[in-house]
Amino acid sequence: MTRFFQILTLSIITLTVNAQEISKKAFTIGEQIEWFSKELNEKRSLNIFLPQDYSSDKKYQVIYLLDGSSHEDFLHICGLVQFFDLQFQMPETIVVGITNVDRKRDLTFPTTDKELQNEFPTTGGSERFIAYLEKEVQPYINTNYPTNGTNIIIGQSLGGLLATEILLKKPELFTHFLITSPSLWWDNQSLLKDAKTLLRQHDYHNTFIYLAVGEQEHKVMVKDAQTLEKLLTERKDLKIHFVLFPEENHATILHNSIYKAFLLQYPLKN
């Protein structure tokens, strides 16, 4: 027994010494900036992921990710970017996560639907939010990081609705639109109804458009996405990639959707 307690005591001492040698450091994958937005009249923040070998001597494409808070889509989209940079021919990319304050307010345009107005009383602020992206977010990124003019927007659901609104009203803000399961049902499909007229007002020669929806989603969402695809296809100067995922629903589609979008753009390295 004496020998046992000697060994036990020595083990405890060893563990104590080893524990004293352990150090902990914060593990981060990017930067977060905060400012007061004049366009939105409130404090806002951005999550920013930089490539591993980031250098001010290089130029980078930029992904602007709607729903880009750390507890939303920022981490797994950054993971996809890192994976495609490592394994595929994806250029080094900065990811800008657009964090939310009032998602339903910022990602929707005004509605005349009384039921929606009552259920979501703060909605209808997309015009101001688009101005925030155009006049504050993009200028900040272009001023403080070396960018190359390739601007990619990613949006799902209400984020997809906003990305579609930008595509139809201010397409010059982005070169690539990755739109998943857009909530085109909003305001009784009014954006869809205006789409043909809006499309005539812009040049889409150099615009990459990717549209995806899950077959297991609500039938209205699937039908609306198919209608948008048809309207976009009618433009001969516009190239659209439309993907219907047979096994995906609204909760599962985003990650696989963006994986597929990246596959279309960036082939496997030789």
Please report the C-alpha distance between V213 and Q226 in whole Å, then the side-chain angles of each, then the deciding distance to 0.1 Å, and finally whether the side chain to side chain contact (heavy atoms under 4.5 Å, CB included) criterion is met.
-> CA-CA 9 Å; V213 69; Q226 292 171 330; 5.5 Å; no

Reported [atom1]-to-[atom2] distance for the pair [X] and [Y], which is rounded to 0.5 angstrom:
X	Y	atom1	atom2	answer
I94	I141	CD1	CD1	7.0 Å
I77	I63	CD1	CD1	7.5 Å
K230	I240	NZ	CD1	13.5 Å
M221	Q216	CE	CD	14.0 Å
T122	R105	OG1	CZ	7.0 Å
L184	T227	CG	OG1	8.5 Å

Same cluster or not: are [X] and [Y] linked, directly or through other Ile, Leu, Val, Met, Phe, Trp or Tyr residues, by side-chain heavy atoms under 4.5 angstrom apart?
X	Y	value
M90	I152	yes
Y210	L244	no
L161	V222	yes
L162	L228	yes
I153	F129	yes

Looking at every non-hydrogen atom in both residues, tell me the closest pair between [X] and [Y] and how far apart they are.
X	Y	answer
R235	D203	NH2-CA, 4.3 Å
S37	R44	CB-CG, 3.8 Å
I253	G214	CD1-N, 3.1 Å
S157	R103	CB-NH2, 4.0 Å
A225	L211	O-CD2, 3.4 Å
L66	G155	CD1-CA, 4.2 Å

With Y132, the side-chain contact (heavy atoms from CB on, under 4.5 Å) member among Q138, E127, E39 = E39

So among D67, D106, V137, L65, which one has a side-chain contact (heavy atoms from CB on, under 4.5 Å) with I98?
-> V137

With sequence neighbours excluded, tell me which residues meet ring-ring contact (aromatic ring centres under 6.0 Å, His included) with Y204.
-> none

Kindly say whether V81 contributes a backbone atom to a donor-acceptor pair with the side chain of D85 at under 3.5 angstrom?
-> no

Would you say Q117's side chain and T111's backbone share a donor-acceptor pair under 3.5 angstrom?
-> yes

Cut-off 3.5 Å, no hydrogens considered: what does the side-chain donor-acceptor table look like for residues 172-180, sequence neighbours left out?
| from | atom 1 | to | atom 2 | distance (Å) |
| --- | --- | --- | --- | --- |
| T175 | OG1 | N151 | N | 3.0 |
| T175 | OG1 | N151 | O | 3.1 |
| T180 | OG1 | S257 | OG | 2.7 |

Can you find a side-chain donor-acceptor pair between Q156 and D73 that sits under 3.5 Å?
-> no

Those residues at least two apart in sequence (or on a different chain) that pass salt bridge (Lys or Arg N to Asp or Glu O under 4.0 Å) with K169 are E165

Go through the structure and list residues passing salt bridge (Lys or Arg N to Asp or Glu O under 4.0 Å) with K58, not counting sequence neighbours.
-> E92

Could you walk me through whether T108 and L158 pass side chain to side chain contact (heavy atoms under 4.5 Å, CB included), step by step?
-> CA-CA 7 Å; T108 61; L158 288 180; 3.8 Å; yes

CD of Q201: more than 12 outside heavy atoms within 6.0 angstrom?
-> yes

Decide yes or no on side chain to side chain contact (heavy atoms under 4.5 Å, CB included) for L116 and T123, but give the supporting numbers first.
-> CA-CA 9 Å; L116 289 175; T123 54; over 6 Å; no

Among pairs that include at least one residue of residues 190-200, which meet side-chain hydrogen bond (donor to acceptor under 3.5 Å, both in side chains), considering only residues two or more places apart or in two chains?
-> D187-S190

I'd like to check the side-chain contact (heavy atoms from CB on, under 4.5 Å) partners of [X]; sequence neighbours left out, ordered by chain and number.
X	value
V220	W185, Q189, H218, D224
Y140	I33, W35, N144, Y145
P91	Q61, Y266
H71	S69

Heavy-atom side-chain proximity of V101 to T99 below 4.5 angstrom = no

Steps toward side chain to side chain contact (heavy atoms under 4.5 Å, CB included) verdict (L198, L191) = CA-CA 9 Å; L198 292 169; L191 189 61; 4.3 Å; yes

Any salt bridge between E136 and K38, counting N to O under 4.0 Å?
-> no

Could you give all pairs that pass the ring pair (Phe, Tyr, Trp, His ring centres under 6.0 Å) test and reach residues 230-250, with sequence neighbours left out?
-> F208-H241

Summary of ring pair (Phe, Tyr, Trp, His ring centres under 6.0 Å) pairs that have at least one residue in residues 74-96, sequence neighbours excluded = H76-H255, F83-F88, F84-F88, F84-Y259, F84-F262

Show me, pair by pair, the donor-acceptor contacts under 3.5 angstrom made by side chains of residues 46-55, not counting sequence neighbours?
| from | atom 1 | to | atom 2 | distance (Å) |
| --- | --- | --- | --- | --- |
| N47 | OD1 | Q32 | NE2 | 2.8 |
| N47 | ND2 | G68 | O | 3.1 |
| S55 | OG | D57 | N | 3.1 |

